[in-house]
Amino acid sequence: METVSQLLESISDVGRDTARGGYSRPVYSTAELDLRGWFVEQAGRRGLEVETDRNGIIWAWWGAPQKGALVTGSHLDSVPGGGAFDGPLGVASALAAVDVLRQRGVQPNRSLAITVFPEEEGSRFGVACLGSRLLTGAIGPDKARNLRDADGNTFAEVSQGNGLDPEHFGRDEEALARIGDFVELHVEQGRGLGEEGPAIAVGSSILGHGRWKLTVSGQGNHAGTTLMQDRADPMVAAAQIIIAVQKSAAAQPDARATVGRLEPIPGGTNVIASRVQLWLDVRYPEDAVTGALVEAIHGKAQKIAAFEGCSVTLTEESYSGTVHFDAALQRQLENALPGAPVLATGAGHDAGVLAGYVPSGMIFVRNPTGISHSPEEHVEDDDADAGAGALADVLEGLL
Ligand SMILES: [Zn+2]
């Protein structure tokens, strides 16, 4: 019987990114396909029956496929230069948990499936949790088919090249009905679990999160001939807006607001920009507060822009409301894992998409660095084993 760290060790060479460090395993790349092959082989070794559904989700069955089964799983794709645990930890833990349950002699009352979801990170086609969104109908098949990667390939073309029929994409009633309960184990992505104390937490909710675009418009001009007092420089306004974003979020406990991307137009060293676009990411557990926070930022941005002789507009690009995991399932997880703290997360997950349709819950495993989507993401071997044990405890209670 392999431990979780042994399972992860067996894929530790797949998709290493020598330029960025860590791993780059975009969906349907050679690396992600190798990991899919590894999963199918591991499932086969355990006598699990493997099938890939019409949206590209892999299912490995312990027991016959049936309605109302217990389902656990995660994803194998990564962000560029990501860590070793975001995704694969949940898949490897599910395999290890099946071993533990069999060793305990558990006789399931219903079938168990392990699932692997494609394009969870959205790092290739731009939409996170694309597999679970297609399964549930949260994204329409037409929109999914036409998503393009950086090389201009559509999701339809790439999927077809990997044996799927894009005409069959879309909400899959039969597959959805098979999920009686869904539990995803995932590496914790912040500092929610301290160095001392429990290594495992139960998920309560996923913070609502959205993206907004702020466009600051001023007067493009010559960097040498335009006197300082004559300028309407949107870069100067944007700099102050970024500080206002930071101050506004810091004043609201539990809020997170980030400007991680900024585009000055035209973007020349000797040119006062005519326009600056900046993208705002805001997260908070209550949707009304998120909305108020974004409005407050917009108001401050307007004042700042006016003072600099500029103007600003704000447009929403996407918003996902706060997800609360199924209360009854969460209680069952808490009962199976006494002493485990209950945590909200600021990261999106397939379990969060599925939660809108079927009872879903999450288990988090300690990440001592508190860093994720980066090579520094880490899980100690003992904590990984504790995670698989915790997943086995939870599954045993639900089977
Ligand atoms: Zn993940």
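In each ligand, atom 1 is the first atom listed, and ligand 1 is the first ligand listed. Values reported hereafter were calculated over all heavy atoms of this structure, with side chains retained and with hydrogens, waters and symmetry mates removed. What you are looking at is a predicted structure, and each value in this text was computed from that prediction instead of being measured.
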| field | Asp86, N/O/S atom nearest the Zn ion (ligand 1) | value | OD1
| With the Zn ion (ligand 1) at the center, what angle do NE2 from His75 and NE2 from His186 span, rounded to 10 degrees? | 120°
| field | the Zn ion (ligand 1) to nearest N/O/S of Glu121 below 2.8 Å | value | no
| query | Any N/O/S of His349 under 2.8 Å from the Zn ion (ligand 1)? | reply | no
| message | Does Gln229 have more than 12 heavy atoms from other residues, nucleotides or ligands lying within 6.0 Å of its CD? | response | yes
| field | Arg211 atom CZ, neighbour heavy-atom count above 12 within 6.0 Å | value | no
| task | Flag the pair Arg110 and Asp181 as a salt bridge only when some basic side-chain nitrogen lies within less than 4.0 angstrom of an acidic carboxylate oxygen. | result | yes
| Over-ring placement of Arg25 relative to Tyr23, 6.0 Å and 45° cut-offs | yes
